[in-house]
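For reference, the structure discussed in these notes is given below.
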Amino acid sequence: MNLKPGLWQQQSLKLAMTQELTQAIALLQYSAQELSTFLENKALENPLLQVENNHIKPINPLIDRNRRKHTKSTENDWIEQIAAKSSSNEDQLLNQLNLRKYSSIQLKIIKYLIENLDVNGYLTSEPEEIAHLLGVQLELVEESIIVIQTLEPAGIGARNLQECLLIQLERENLKDDLALTILTHYFIPFAEKKWKQIAKELQIPLQKIQEIFDTIQLLNPRPGALFERENASYIIPDAIVERFGDGFSVRLCDDILPKISFNDHYYQKMTTTMDSQVSRFLQEKVQDYQWILKSIEQRKETLTRVVSKIVEKQTRFFENGKEYLVPMTMKEVAGELEIHESTVSRAVKEKFVQTPIGTFPLKSFFTSTIQTVSNESTSSSQVKNEIASMIDSEDKQRPLSDQEIVEKLKTTQGIVVSRRTVAKYRDQLGIASSSKRKRFD
């Protein structure tokens with residue numbers, strides 16, 4: 001091996017990630033909303049780029065003032081709704097109490113406890129810790145916890161799930177001594193459905209434990225969730241698929257995108273100067289404007305081609321519904337469109353398509369392939385549907401094991417999967433194992 005220093009010539013091919021190429025890649029993976037924000041920010045940097053939001057209309061103060069006179073009652077309703085929404089969880093709990101009954105110290109403790117409930121409505125701090133932090137007696141903290149646990153919804157202020165369920169049992173007049181005994185002394189084995197051990201120790205039939213389990217299922221393990229107010233989230237689709245005769249048409253949803261144009265007036269005004277720095281600045285901004293136009297056009301073309309190919313390959317899905325989703329990979333689509341797989345991945349990233357049967361993420365159309373005994377293939381989503389259907393119709397006293405599902409899929413549907421795959425899909429569907437699905441009626 002020659003380790004002497006020297007000079008050599010070597011030819012090589014490599015792709016240089018220029019700023020323009022990086023920008024084009026970024027624009028491709030932007031959703032319509034993200035692209036709109038990008039263009040507005042770019043307009044602040046580039047004086048030659050004019051952005052006009054056609055979907056935003058300016059308000060005329062005179063017209064608006066007259067309109068307010070006729071809609072005063074409607075505005076009052078809105079104000080009331082805003083006021084109602086601003087009512088905090090703490091206020092809703094405190095409003096249930098007769099505050100005059102408690103001393104200022106105890107009110108301070110109660111308010112602190114309420115403010116520190118977690119999203120489930122549980123108190124996660126230890127009473128001793130709270131007493132030390134507030135500099136009060138432990139007995140006052142314990143009394144305050146009991147006060148909170150008398151409030152609605154039942155179970156609020158519990159230290160854990162076990163206490164939450166016990167509070168609800170007592171509150172709902174479900175004071176079944178056996179249920180209280182099981183929850184108090186056998187909570188973990190009861191939750192894990194190790195019922196034979198409980199039945200043996202308490203000398204009761206399994207059917208009785210099943211009845212208690214059904215009762216417990218009616219209780220709320222997350223009482224704090226009743227306070228949650230989630231605002232409705234709206235999805236703006238990036239593409240729309242519509243029926244057109246016997247087929248489908250694809251169009252991009254560019255309505256929310258601002259209209260961009262070249263600020264020729266500014267350009268002509270600034271070119272009158274002979275300053276070399278100004279000329280260089282204008283040249284850079286002109287090039288930047290042209291690259292943005294080109295990148296947007298490339299994004300539109302690529303996204304249209306990818307969505308059209310998805311519609312072409314998933315026609316049965318658009319005609320009949322989710323059950324008819326066929327296996328399709330990004331590599332397969334990329335190969336047919338003669339583009340790179342990463343381009344397809346960026347094109348569908350965080351984008352949605354509106355279809356005659358609903359709005360779906362573009363990524364949801366790509367599913368893994370599952371082989372069948374007839375050498376054909378099916379999608380993972382179809383396998384999940386079959387598993388869910390089998391479990392839904394099974395004998396609940398003798399639920400199907402994962403291995404039995406494997407065999408049944410092969411014999412009835414011709415689908416070949418492993419037991420591990422069935423277990424993974426079952427977990428993704430939120431379905432418990434056969435031992436935990438079993439009933440003892």
Side-chain angles (χ1 to χ4, degrees), residues 118-120 122 160-162 164-165 186-198 206 209-210 212-214 216-222 224-225 228 230 233 314 317 321-331 345 348-350 352 358-373 376-441:
D118 67 10
V119 292
N120 296 320
Y122 293 171
N160 49 52
L161 175 60
Q162 183 180 18
C164 177
L165 298 177
Y186 299 92
F187 182 72
I188 299 300
F190 176 73
E192 294 177 350
K193 277 207 164 183
K194 297 177 180 178
W195 294 354
K196 291 183 180 180
Q197 169 192 342
I198 301 173
L206 288 171
I209 301 179
Q210 180 69 63
I212 294 172
F213 179 82
D214 292 341
I216 300 299
Q217 290 289 93
L218 301 175
L219 304 181
N220 183 6
R222 299 179 63 240
E228 294 179 3
E230 292 187 4
S233 58
Q314 300 286 3
F317 171 92
K322 299 179 183 179
E323 298 80 10
Y324 294 88
L325 192 68
V326 299
M328 182 179 69
T329 62
M330 292 186 186
K331 184 177 181 180
S345 177
V348 302
K349 181 183 178 183
E350 295 180 4
F352 292 81
T359 300
F360 304 92
L362 280 174
K363 271 193 173 182
S364 65
F365 293 98
F366 297 94
T367 59
S368 56
T369 301
I370 305 295
Q371 288 302 122
T372 65
V373 293
E376 295 180 354
S377 59
T378 185
S379 68
S380 56
S381 61
Q382 287 177 313
V383 177
K384 289 179 183 179
N385 290 335
E386 291 294 338
I387 292 173
S389 178
M390 286 181 182
I391 292 176
D392 187 56
S393 59
E394 70 184 356
D395 181 356
K396 300 305 178 185
Q397 294 182 350
R398 294 189 60 191
L400 295 169
S401 67
D402 292 343
Q403 186 59 43
E404 288 173 329
I405 293 175
V406 168
E407 295 169 359
K408 199 169 182 180
L409 283 172
K410 184 176 181 180
T411 55
T412 62
Q413 304 296 328
I415 298 173
V416 181
V417 291
S418 66
R419 185 195 60 79
R420 183 175 296 180
T421 301
V422 169
K424 181 180 76 172
Y425 288 170
R426 179 175 51 71
D427 288 339
Q428 291 175 356
L429 292 168
I431 299 175
S433 63
S434 58
S435 62
K436 294 184 178 180
R437 298 199 308 271
K438 186 175 182 179
R439 291 186 59 85
F440 298 91
D441 295 322

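Just the heavy atoms: all of them, side chains too, but no hydrogens, waters or symmetry mates, feed the values below. By convention here, the first residue in the shown sequence is residue 1.
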Classify the ring geometry between Trp195 and Phe440 as parallel (under 30°), tilted (30 to 60°) or perpendicular (over 60°).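 Taking Phe440 first and then Trp195, their aromatic rings sit tilted (interplane angle of 30° to 60°).
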Rounded to the nearest 0.5 Å, how far does [atom2] of [Y] lie from [atom1] of [X]?
X: Gln403; Y: Ser418; atom1: CD; atom2: OG; result: 9.5 Å
X: Leu400; Y: Glu407; atom1: CG; atom2: CD; result: 10.5 Å
X: Lys194; Y: Lys436; atom1: NZ; atom2: NZ; result: 9.0 Å
X: Ile415; Y: Ile405; atom1: CD1; atom2: CD1; result: 12.0 Å
X: Asp214; Y: Gln210; atom1: CG; atom2: CD; result: 4.5 Å
X: Tyr425; Y: Leu409; atom1: OH; atom2: CG; result: 11.0 Å

Side chain proximity check, [X] to [Y], heavy atoms < 4.5 angstrom:
X: Thr412; Y: Glu386; result: no
X: Tyr122; Y: Asn160; result: no
X: Val348; Y: Phe365; result: no

Okay, side chain of [X], backbone of [Y]: is any donor-acceptor separation there less than 3.5 Å?
X: Ser389; Y: Asn385; value: no
X: Gln413; Y: Lys408; value: no
X: Lys193; Y: Lys438; value: yes
X: Arg439; Y: Pro399; value: no

Heavy-atom neighbours of Lys196 NZ exceed 12 at 6.0 Å: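 At most 12 heavy atoms, drawn from other residues, nucleotides or ligands, come within 6.0 Å of this atom.
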Taking Lys424 as the fixed residue, which of Arg420, Gln428, Arg426 is the one that meets the side chain to side chain contact (heavy atoms under 4.5 Å, CB included) rule?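 Checked Arg420, Gln428, Arg426 against Lys424; only one passes side chain to side chain contact (heavy atoms under 4.5 Å, CB included): Gln428.
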What are the two closest heavy atoms between [X] and [Y], and how far apart are they?
X: Ile198; Y: Pro189; value: CD1-C, 4.1 Å
X: Ser364; Y: Leu325; value: O-CD2, 3.6 Å
X: Val406; Y: Val417; value: CG1-O, 3.3 Å

Given the rule in the side chain to side chain contact (heavy atoms under 4.5 Å, CB included) test, do Val383 and Val422 qualify, once you have shown the distances and angles that lead to the verdict? CA-CA 9 Å; Val383 177; Val422 169; over 6 Å; no
